[in-house]
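Accompanying notes for the structure given below.
Residue numbers count from 1 along this sequence. Counting starts at 1 for both ligands and their atoms, following the listed order. On a predicted model such as this, the values are computed, not experimentally measured, just so you know.
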Amino acid sequence: MQLAVDTIWQDVIGQIRLHHPQLVRGWFSQLHPADVERGVLAVRTANGAQSRYLDRHCRKAFVEAAQNITGRLVSVEFTPEIESCEADSSFLLDERDTELSLNPDYTFENFVTGPSNRLAEAAAHAVVHQPGETYNPLFLHGPVGLGKTHLVHAIGHQLRSSRPNFTCRFITCETFINHVILALESGSLHELRNRYRNVDVLAIDDVQFLTGRERGQEEFFHTFNTLQQFRRQLILTADCPPSEITSVAERLISRFASGLVASLDPPDLDTRVAIVRKKARIRCIELPDDVADFIAARYETNVRELEGALVKVDAVSQTLSRPIDLPLAQQALGNANRPPLSIPTILDVASKTLDVKISDLLSKKRSRAVTLPRQICIYLVRRLTGHSLEEIGNHFGGRDHSTVLHAIRTISNQMKENDELREAVENLENRLENAR
Ligand code: ADP
Ligand code: MG
């Protein structure tokens with residue numbers, strides 16, 4: 001019987017590799033089939049994080065493959081091994097908080113260190129070894145896409161195995177604020193406090209979203225004090241250092257900075273090359289060295305974009321059924337020596353595409369017809385040029401850097417929820433790419 005299951009499983013994995021290579025991860029080799037009974041192919045995973053990844057992203061592909069191979073209407077179930085299942089139950093991830101269900105790829109092993117992130121990574125390790133003792137709170141900050149969430153998840157994975165009895169809560173700041181609002185509405189503050197104050201480790205990602213949220217700040221302040229008093233570990237991240245977070249009470253800012261504040265900066269070329277290679281290994285992509293160098297040289301400021309480029313090259317290689325080499329990568333990612341985009345070019349193309357005058361984009365006018373296009377322009381200038389927040393502010397009619405930051409956050413948040421806006425921004429970005 002086991003033999004039959006094993007054979008089915010090998011074929012299923014073979015089909016996934018063939019038809020859905022983008023889903024495949026190195027750790028798939030650790031999955032093993034338990035049995036196939038009553039129409040269910042039961043698959044054991046090493047931990048809850050792997051099961052959740054498979055459930056969320058791969059279920060359909062696995063079911064299709066299993067049905068193809070067996071010729072029967074089977075479903076597929078992913079279950080973690082018993083031990084880690086128990087550890088999971090004290091690991092309180094909020095199911096509605098999809099972003100912070102631990103990502104199985106975000107481990108210390110998969111994190112590449114270099115001068116730009118060494119302190120942050122070392123501090124994350126120290127937190128795992130002595131939670132609540134060494135650096136409390138640990139405050140990680142840096143621009144988007146440089147590994148803050150990755151490091152927080154790495155701490156989570158490590159604690160899950162080294163401290164199985166710990167109660168850890170990992171959450172985004174937005175979810176925290178939503179819980180506060182719900183608790184206020186439904187009169188369940190007591191439950192809320194129980195939830196956040198009776199834990200061994202509390203990680204809150206992207207605390208810059210506390211800006212202007214007074215009740216959220218108030219609740220957070222008391223949560224913070226309680227946890228610190230009992231030497232429970234706090235881990236916070238933000239897209240800027242504590243001192244630059246705007247509209248947050250001073251007493252909170254000073255607490256944010258009271259432990260260790262570590263920044264993640266854009267990685268240097270060598271680190272980027274190492275990251276591209278590691279990402280390729282994780283995704284089981286055969287990547288020649290010159291292609292890794294080529295990709296790493298092109299994307300300087302954001303590791304997420306580096307990874308996106310790798311995935312794009314891989315997708316083109318699949319589509320054309322050609323192995324990855326330098327000409328293919330150049331074809332997939334466009335001309336290597338494109339001139340950088342300038343702010344005037346961006347304004348010119350944006351003004352035509354979004355139908356607003358350049359003078360309005362640069363003016364102090366605050367009507368929505370002008371504010372939204374202006375915020376989109378600021379967002380794209382930040383994404384597509386190397387200009388600092390201050391420089392961008394100066395270009396856009398002498399606005400200060402917190403206004404620029406606010407515009408960037410507004411657009412990147414709204415893009416998550418509003419498909420129409422996302423398409424408009426992506427469409428404009430494509431036009432700008434062509435205008436280089
Ligand atoms: P942030 O939270 O800072 O916006 P993330 O943690 O979401 O960024 O990272 C974005 C992507 O870049 C993730 O896929 C992450 O794995 C990857 N990444 C960032 N820095 C590194 C690194 N040093 N080594 C490996 N992967 C990295
Ligand atoms: Mg993040």
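Of the N or O atoms in Gly147, one or more lie within a sub-3.5 Å distance of an N or O in ligand 1. Inclusion of Thr149 in the set of residues having an N or O under 3.5 Å from an N or O of ligand 1 is warranted. By the 3.5 Å distance cut-off applied to N or O atoms, Val144 is not counted among the residues near ligand 1.
We find that Glu417 and Arg422 are not joined by a salt bridge, their nearest charged nitrogen and carboxylate oxygen being 4.0 Å or further apart. A salt bridge links Asp239 and Arg409; the closest N-O separation between the charged side-chain nitrogens and carboxylate oxygens is under 4.0 Å. Ionic pairing of Arg213 and Glu219 is not present here: no N-O contact between side-chain nitrogen and carboxylate oxygen is shorter than 4.0 angstrom.
In Asn110, the part holding a heavy atom less than 4.0 Å from any atom of ligand 1 is the backbone.
The heavy-atom pair separating Ile346 from Leu432 by the smallest distance is CA-CD2, 3.7 Å. When all heavy atoms are compared, the tightest approach of Leu361 to Phe396 is O-CD2, 3.9 Å.
Scanning the protein heavy atoms around atom 20 (N) of ligand 1, the nearest turns out to be Leu146 O, 3.5 Å. Protein heavy atom in closest approach to atom 21 (C) of ligand 1: Phe111 CE1, 3.8 Å. In this structure, atom 14 (O) of ligand 1 lies nearest to the protein heavy atom Glu307 OE1, 2.6 Å. Summary of contacts: the protein heavy atom closest to atom 13 (C) of ligand 1 is Tyr106 OH, 3.4 Å. In terms of protein heavy atoms, atom 7 (O) of ligand 1 is closest to Arg304 NH2, 2.7 Å. In this structure, atom 6 (O) of ligand 1 lies nearest to the protein heavy atom His150 N, 2.8 Å. Looking from atom 24 (N) of ligand 1 to the surrounding protein, the closest heavy atom is Val112 N, 2.9 Å. Nearest to atom 4 (O) of ligand 1 among the protein's heavy atoms is Gly145 N, 2.7 Å.
Looking only at side-chain heavy atoms (C-beta outward), Tyr53 and Arg25 come within less than 4.5 Å of each other.
Using the six-membered ring where Trp is involved, His395 and His387 have ring planes that are tilted, between 30° and 60° apart. Under the 30°/60° scheme for interplanar angles, the aromatic rings of Tyr106 and His150 are found to lie parallel. Between Phe220 and Phe176, the ring planes lie perpendicular to each other; the angle is over 60°, past the 30° to 60° tilted range.
Residue pairs meeting the salt bridge (Lys or Arg N to Asp or Glu O under 4.0 Å) criterion with at least one partner in residues 117-137, sequence neighbours excluded, are Glu133-Arg231.
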Apply salt bridge (charged side-chain N to carboxylate O under 4.0 Å, His left out) to the pair Arg277 and Asp289, showing each step before the final yes or no.
CA-CA 8 Å; Arg277 290 196 187 152; Asp289 287 351; 3.7 Å; yes

Please step through salt bridge (charged side-chain N to carboxylate O under 4.0 Å, His left out) for the pair Glu109 and Lys278, ending with a clear verdict.
CA-CA 10 Å; Glu109 204 186 8; Lys278 183 144 266 177; over 6 Å; no

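Of all the atoms in ligand 1, the ones that sit under 4.0 Å from a non-hydrogen atom of Lys279 are 14 (O), 15 (C), 16 (O), 17 (C), 26 (N). When each atom of ligand 1 is checked for a heavy atom of Asn117 under 4.0 Å away, the hits are 23 (N). Near Lys148, with a cut-off below 4.0 Å to any heavy atom, the atoms of ligand 1 are 1 (P), 2 (O), 3 (O), 4 (O), 6 (O), 8 (O).
For a distance bound of 2.8 Å, the N, O or S atoms of Thr237 include none lying that close to the Mg ion (ligand 2).
Within the structure, the closest approach of Lys278 to ligand 1 does not fall below 4.0 Å when heavy atoms are considered. Contact analysis leaves Glu121 out of contact with ligand 1, as no non-hydrogen atom separation drops below 4.0 angstrom.
The closest non-hydrogen atom to atom 27 (C) of ligand 1, taken over Leu151, Val303, Ile282, Val276, comes from Val303.
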